[in-house]
There are 4 protein chains.
Amino acid sequence: MIRVGIVGATGYSGVELIRLLAGHPHVQVANLYSSSAEGEALDSVLPHVQHVSLPQLSAIDAEQMSAANDVVFLATPAGVSAELSPELLKRGARVIDLSGDFRLESGEVYRQWYKREPAPGEWLDRAVYGLAEWNAAQVAGAQLVANPGCYPTAALLALIPLAQSGWVNPRSWIVDAKSGVSGAGRGVSLGVHFSEINDSIHAYKVAQHQHTPEIEQELSKKGGVEHVVQFTPHLVPMTRGILVTAYGQLERAVTTDEVHQLYRSAYEGKPFVRLRKPGSHPRTKEVYGSNYCDISVHVDERTGRVIVLSVIDNMVKGAAGQAVQNMNLMFGWPEATGLPLVPLFP
Amino acid sequence: MIRVGIVGATGYSGVELIRLLAGHPHVQVANLYSSSAEGEALDSVLPHVQHVSLPQLSAIDAEQMSAANDVVFLATPAGVSAELSPELLKRGARVIDLSGDFRLESGEVYRQWYKREPAPGEWLDRAVYGLAEWNAAQVAGAQLVANPGCYPTAALLALIPLAQSGWVNPRSWIVDAKSGVSGAGRGVSLGVHFSEINDSIHAYKVAQHQHTPEIEQELSKKGGVEHVVQFTPHLVPMTRGILVTAYGQLERAVTTDEVHQLYRSAYEGKPFVRLRKPGSHPRTKEVYGSNYCDISVHVDERTGRVIVLSVIDNMVKGAAGQAVQNMNLMFGWPEATGLPLVPLFP
Amino acid sequence: MIRVGIVGATGYSGVELIRLLAGHPHVQVANLYSSSAEGEALDSVLPHVQHVSLPQLSAIDAEQMSAANDVVFLATPAGVSAELSPELLKRGARVIDLSGDFRLESGEVYRQWYKREPAPGEWLDRAVYGLAEWNAAQVAGAQLVANPGCYPTAALLALIPLAQSGWVNPRSWIVDAKSGVSGAGRGVSLGVHFSEINDSIHAYKVAQHQHTPEIEQELSKKGGVEHVVQFTPHLVPMTRGILVTAYGQLERAVTTDEVHQLYRSAYEGKPFVRLRKPGSHPRTKEVYGSNYCDISVHVDERTGRVIVLSVIDNMVKGAAGQAVQNMNLMFGWPEATGLPLVPLFP
Amino acid sequence: MIRVGIVGATGYSGVELIRLLAGHPHVQVANLYSSSAEGEALDSVLPHVQHVSLPQLSAIDAEQMSAANDVVFLATPAGVSAELSPELLKRGARVIDLSGDFRLESGEVYRQWYKREPAPGEWLDRAVYGLAEWNAAQVAGAQLVANPGCYPTAALLALIPLAQSGWVNPRSWIVDAKSGVSGAGRGVSLGVHFSEINDSIHAYKVAQHQHTPEIEQELSKKGGVEHVVQFTPHLVPMTRGILVTAYGQLERAVTTDEVHQLYRSAYEGKPFVRLRKPGSHPRTKEVYGSNYCDISVHVDERTGRVIVLSVIDNMVKGAAGQAVQNMNLMFGWPEATGLPLVPLFP
């Protein structure tokens with residue numbers, strides 16, 4: 001049993017980590033940290049965990065955190081990890097960061113898209129991008145894992161095989177993504193007011209969302225050439241789930257079956273990617289509560305485009321579940337340990 | 001006061017026509033027709049219209065329908081109008097058809113996308129495509145108006161000004177559309193089961209939806225060259241509303257403000273198109289229950305693309321409201337007569 | 001045309017008043033007041049009213065408000081009207097108050113349930129409780145109308161006929177009410193966070209909701225004896241609508257048909273109460289966007305109870321619509337002027 | 001490892017059983033039965049279980065079912081189990097029936113409320129009512145367990161302690177219950193059409209729901225006198241969850257704390273009942289996906305009533321979860337084996 005600490009335990013990603021780790025055979029949730037509610041029991045803030053045996057909420061203290069945990073998960077807002085993680089890492093802690101602070105290799109690009117100061121370059125260099133299906137070996141040896149963003153997870157699993165194939169114009173990608181509201185976190189604002197969101201849909205941050213460079217960086221690395229992505233997120237009146245509808249311009253004639261075969265090879269043996277029938281339409285509900293990413297591919301011969309659909313639960317594969325998957329890799333356990341989650345349907 | 005007949009009065013488009021026409025100053029809802037419930041009162045099937053003064057449901061009979069109404073609205077499934085409308089037209093009736101049977105000029109294209117026999121060519125030739133903002137003069141003189149589809153309405157209002165501008169590659173259009181469930185009608189199936197749809201989103205009919213050729217036909221006519229559209233519809237867990245997120249590859253450098261100005265000119269004096277601030281993100285809820293189409297434009301200089309967002313209420317501007325707008329044009333009344341609907345918010 | 005002013009124009013009740021008054025033939029929306037956004041255009045805060053011709057937002061000023069309007073609607077939080085209304089009334093203004101500040105005749109009871117200071121007793125005495133179906137004559141002559149609360153409107157229309165009949169034990173009433181989230185207003189809090197509310201239901205303020213004494217006061221006045229009500233509100237994951245499920249212990253044997261007949265007589269000629277078939281189950285959606293209150297009655301002979309179901313749109317009959325109905329009565333127009341609203345279905 | 005068979009595997013209760021049993025350490029899902037889809041793989045009907053190792057769907061055959069399974073779960077519509085279970089039981093099989101066919105001890109009462117023929121009396125006599133918290137010993141020795149209905153589970157856990165206390169008038173119970181739509185099953189009808197249900201609430205089967213006698217039977221047995229219940233179910237626009245708001249007339253003065261203490265004693269050591277703080281308001285979302293029943297109590301001294309709130313996930317504690325709990329008792333395993341489910345929040 002390893003001892004695990006969670007920073008930001010009262011947020012949605014934090015409580016999802018608790019849900020998953022409570023069922024993990026090799027883990028003890030040893031410490032919960034919160035900047036706002038120290039000294040309280042978590043169930044006074046989130047009654048759904050009543051009866052789940054958990055430590056009280058502690059204050060953030062790098063010294064104690066490093067000593068008392070074998071690994072620390074940071075489920076904190078942008079900017080917190082950039083400051084806290086180096087303090088932990090210096091003291092030898094292993095860190096899995098669910099925020100965006102260590103995902104971009106270039107501090108300059110971070111500054112441009114996040115409109116804040118990046119983490120120190122020396123630490124950016126050591127971070128491993130934790131897209132488990134593609135970077136398992138590096139994650140296994142990492143001290144600091146940058147857990148991918150929710151949108152990039154769905155987009156990259158959908159597109160990397162094609163990016164590697166060279167079949168698609170690397171500047172033609174359009175990623176039209178639709179997310180449930182839990183991705184916005186537990187903070188209150190008019191933007192998450194039920195009466196404003198229910199029975200409605202809208203796009204946001206068109207051409208300006210900070211997950212754009214993250215998707216481009218990883219596609220470019222895997223594809224070996226520069227990829228440019230038009231990324232548009234939308235807010236859907238549902239709690240969980242992300243659907244990516246991705247479009248690429250084909251540079252050679254391929255069939256749906258050929259693309260399907262490409263993906264079959266790429267994801268063979270990967271427990272959490274489920275390739276769905278060619279021409280089918282996965283639903284976010286079909287992965288609800290699970291760590292799966294379901295993908296289907298479509299080639300439109302009329303227009304010369306490939307369309308890839310992918311769905312994840314943004315709280316699981318898009319956040320806490322992938323973080324646990326990365327922890328499994330770091331500690332040498334089978335990737336799916338503690339995560340054999342059948343989706344909750346309906 | 002003119003006498004109006006509605007065929008398919010027990011469906012969603014039918015009852016929406018009733019809601020709108022009940023407030024129209026020049027109209028008497030004289031006859032309601034239903035193939036399934038003749039002789040009954042509408043409120044026995046749809047209690048929300050109790051206390052609204054309405055005729056009983058009658059059987060379908062071309063002779064009576066032509067004689068007893070100044071105009072007949074057909075809110076019927078695909079295939080019905082192809083047979084019924086010629087019978088009405090021969091007898092001199094004026095018809096506004098809310099189905100897709102007369103929207104495509106080519107019977108061959110209809111057969112290919114709808115997988116059924118088209119209406120007779122002689123009548124297809126006489127139909128006017130009722131996109132009121134762009135075809136007002138032809139609608140005014142029409143005997144048969146083909147009311148546009150819900151998705152094409154949102155897509156065409158979003159794209160025609162750019163199609164005419166020549167600024168965008170006409171083969172680059174991607175129309176990623178998101179619809180509420182009412183667009184699927186009142187028929188029962190697993191596809192509209194609450195427990196399957198709620199808290200979930202999915203794409204459907206990728207590369208195969210029958211509204212694709214309708215959008216292409218009208219863009220091509222207005223643009224003067226052939227336009228090809230990649231159209232992807234999605235089902236969103238909401239009752240009403242369509243959001244179109246449309247992407248085009250720019251062939252010359254333009255700014256968001258220039259595109260905004262193009263749209264301002266195009267829609268000046270059009271009461272139902274509201275151009276929203278450049279760079280803003282309209283929500284379907286902001287047009288709920290109204291005949292508005294709200295549009296905003298975004299140029300992404302980084303990628304060389306233009307992104308246009310448009311929202312409508314699929315039951316109003318996407319069906320019954322636009323049909324009333326067309327009726328107003330046919331009878332020489334101001335376009336907005338009976339339709340000065342402030343959206344229901346929230 | 002009369003000139004109307006609305007205080008609290010940027011809240012949900014305020015914008016619903018604007019929607020309804022925009023279609024009223026005798027009204028000009030002359031002034032909009034807001035404590036938070038003076039000098040702005042309303043559509044900068046609420047873009048759904050773009051293109052609707054409206055005055056700018058003004059600051060609150062009792063002198064100007066009294067002079068520039070024939071009637072002032074107050075759609076303000078508890079406590080504001082208690083101070084502002086006397087200033088307006090002294091200057092001769094007519095006021096329709098949508099808040100709870102003038103609904104309770106006893107300042108002491110107000111203090112106990114609202115936990116704040118009541119309005120001055122002299123003005124409490126002059127206020128008329130604006131339940132239009134039951135107090136039309138008094139409303140017609142009122143200078144100050146206290147517009148009923150959303151829950152009391154649904155509960156009182158459901159129960160007054162039985163309270164008058166003497167058939168039910170007046171201490172046996174249980175009013176189990178279910179409301180959409182718009183009733184909580186536009187303010188932000190965890191209590192209206194989409195991710196907390198969606199796909200969930202809960203009761204709140206059991207035995208403590210401030211609408212309890214309002215229901216009891218009016219039932220007692222109409223029934224001629226003291227009525228005691230157990231009132232439990234619930235928050236339902238929907239935007240609009242209230243359903244009241246009310247239970248009373250019968251003191252004599254009556255049938256569903258007899259109760260139905262009682263209600264038929266009570267509401268004959270009332271345009272906004274629709275008595276539904278005995279034994280039927282009205283849905284909130286069936287009154288969506290309209291000023292109707294739909295009611296059905298059930299007698300359970302096995303248990304000796306009567307169960308009454310009533311549904312309203314909380315924003316219309318439960319707030320802005322009833323306020324317009326009261327204005328019509330005050331100015332001598334037919335009750336339904338500007339309100340012939342067919343519900344929006346689905 | 002025991003071998004388990006599931007009849008009705010393509011329905012919602014069936015797939016929820018599969019989700020739970022997939023994580024059970026002592027169970028192998030050996031056989032899936034379906035009357036409609038034999039020979040198919042389950043994931044062809046329900047793609048969310050793709051990658052979950054499961055047997056193909058088999059035809060219903062009492063002989064094979066008895067031989068090939070250590071226990072058979074019936075997740076079938078009313079009437080099926082009444083015929084099938086005796087065939088299985090005669091052959092020695094152990095059966096857990098999730099339908100209502102064996103819950104009522106009196107065939108006559110079943111006939112009256114279910115409007116169909118009851119199961120043979122000899123088998124009704126042998127069935128054990130599987131409310132695990134109250135009947136654990138009998139369940140342990142049962143060959144046939146009648147798994148409680150969803151509404152009765154929430155109502156009985158909420159009321160049995162008070163029924164035993166004698167503090168409440170046993171004819172005064174009112175159970176106002178609110179359910180998500182999944183309780184209606186996967187069959188298609190207008191009653192579960194998204195556009196009709198979304199953003200709306202309604203009561204149904206007032207005074208006539210077949211769960212009424214089930215609640216009364218068990219309250220009467222536990223309370224030792226006849227209890228009469230007014231039961232009203234409502235359909236809420238959410239997928240999962242039941243909230244019961246129950247009212248009883250107190251026959252002696254007690255405080256909220258005394259009632260809370262009564263419940264604390266009653267449920268001490270019961271892993272799946274969580275007594276929430278006195279005066280609190282549990283939400284269905286707080287038990288989502290789990291086998292918990294959360295309960296809070298309120299005494300209203302003003303009215304002399306006690307109000308009890310209880311929430312469950314209707315698919316888990318209200319169906320499949322409680323069935324697994326009963327299986328655990330039948331096979332001598334700790335009650336919570338395979339069910340240590342932290343709720344999915346949000």
Side-chain angles (χ1 to χ4, degrees), chain A residues 10-16 19 36-37 44-50 75 150 178-204 234-242 284-285 288-289 313-316 318-320 343-346, chain C residues 10-16 19 36-37 44-50 75 150 178-204 234-242 284-285 288-289 313-316 318-320 343-346:
Chain A
T10 61
Y12 288 155
S13 294
V15 296
E16 188 69 351
R19 177 175 81 94
S36 59
S44 69
V45 188
L46 288 157
H48 78 282
V49 297
Q50 192 176 321
C150 51
K178 297 89 176 168
S179 176
V181 181
S182 60
R186 208 181 187 210
V188 301
S189 73
L190 201 54
V192 296
H193 191 303
F194 183 89
S195 302
E196 308 268 321
I197 297 301
N198 185 42
D199 230 37
S200 188
I201 183 171
H202 65 277
Y204 64 101
H234 299 78
L235 205 60
V236 178
M238 60 186 193
T239 304
R240 289 174 177 238
I242 285 178
T284 57
K285 189 183 276 285
Y288 203 95
D313 182 325
N314 60 303
M315 299 304 299
V316 191
L344 207 69
F345 186 91
Chain C
T10 61
Y12 287 155
S13 294
V15 295
E16 187 70 350
R19 177 177 80 96
S36 59
S44 70
V45 188
L46 288 156
H48 78 281
V49 297
Q50 192 176 323
C150 50
K178 297 90 177 167
S179 176
V181 181
S182 61
R186 208 180 187 211
V188 301
S189 74
L190 202 54
V192 297
H193 191 304
F194 183 90
S195 301
E196 309 268 321
I197 297 302
N198 185 42
D199 230 36
S200 188
I201 183 171
H202 65 276
Y204 64 101
H234 298 77
L235 204 61
V236 178
M238 60 186 191
T239 305
R240 289 173 176 237
I242 285 178
T284 57
K285 190 183 275 285
Y288 203 94
D313 182 324
N314 60 303
M315 299 305 298
V316 190
L344 208 68
F345 186 93

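A, B, ... follow the sequence lines: proteins, then strands. Residue 1 opens every chain. In this text the structure is predicted, and so the values were computed from the model without any measurement.
With values rounded to the nearest 0.5 angstrom, Ile242(A) atom CD1 is found 10.5 Å from Met315(A) atom CE.
Closest approach of Leu235(C) to Ile201(C), counting heavy atoms only: O-CG1, 3.4 Å. Looking at every heavy atom in both residues, Val181(A) comes nearest to Val236(A) through CG2-O, 3.6 Å.
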Chain C against chain A: donor-acceptor pairs under 3.5 Å:
residue   : atom : partner   : partner atom : Å
Tyr12(A)  : OH   : Glu196(C) : OE2          : 2.5
Ser182(A) : N    : Ser195(C) : OG           : 3.4
Gly185(A) : O    : His193(C) : NE2          : 3.0
Arg186(A) : NE   : Glu196(C) : OE2          : 2.7
Arg186(A) : NH2  : Glu196(C) : OE1          : 3.1
Arg186(A) : NH2  : Glu196(C) : OE2          : 3.4
Gly187(A) : O    : His193(C) : NE2          : 3.4
Val192(A) : O    : Phe194(C) : N            : 2.7
His193(A) : NE2  : Gly185(C) : O            : 3.0
His193(A) : NE2  : Gly187(C) : O            : 3.4
Phe194(A) : N    : Val192(C) : O            : 2.8
Ser195(A) : OG   : Ser182(C) : N            : 3.4
Glu196(A) : OE1  : Arg186(C) : NH2          : 3.1
Glu196(A) : OE2  : Tyr12(C)  : OH           : 2.5
Glu196(A) : OE2  : Arg186(C) : NE           : 2.8
Glu196(A) : OE2  : Arg186(C) : NH2          : 3.4
Asn198(A) : ND2  : Thr239(C) : OG1          : 2.8
Thr239(A) : OG1  : Asn198(C) : ND2          : 2.8

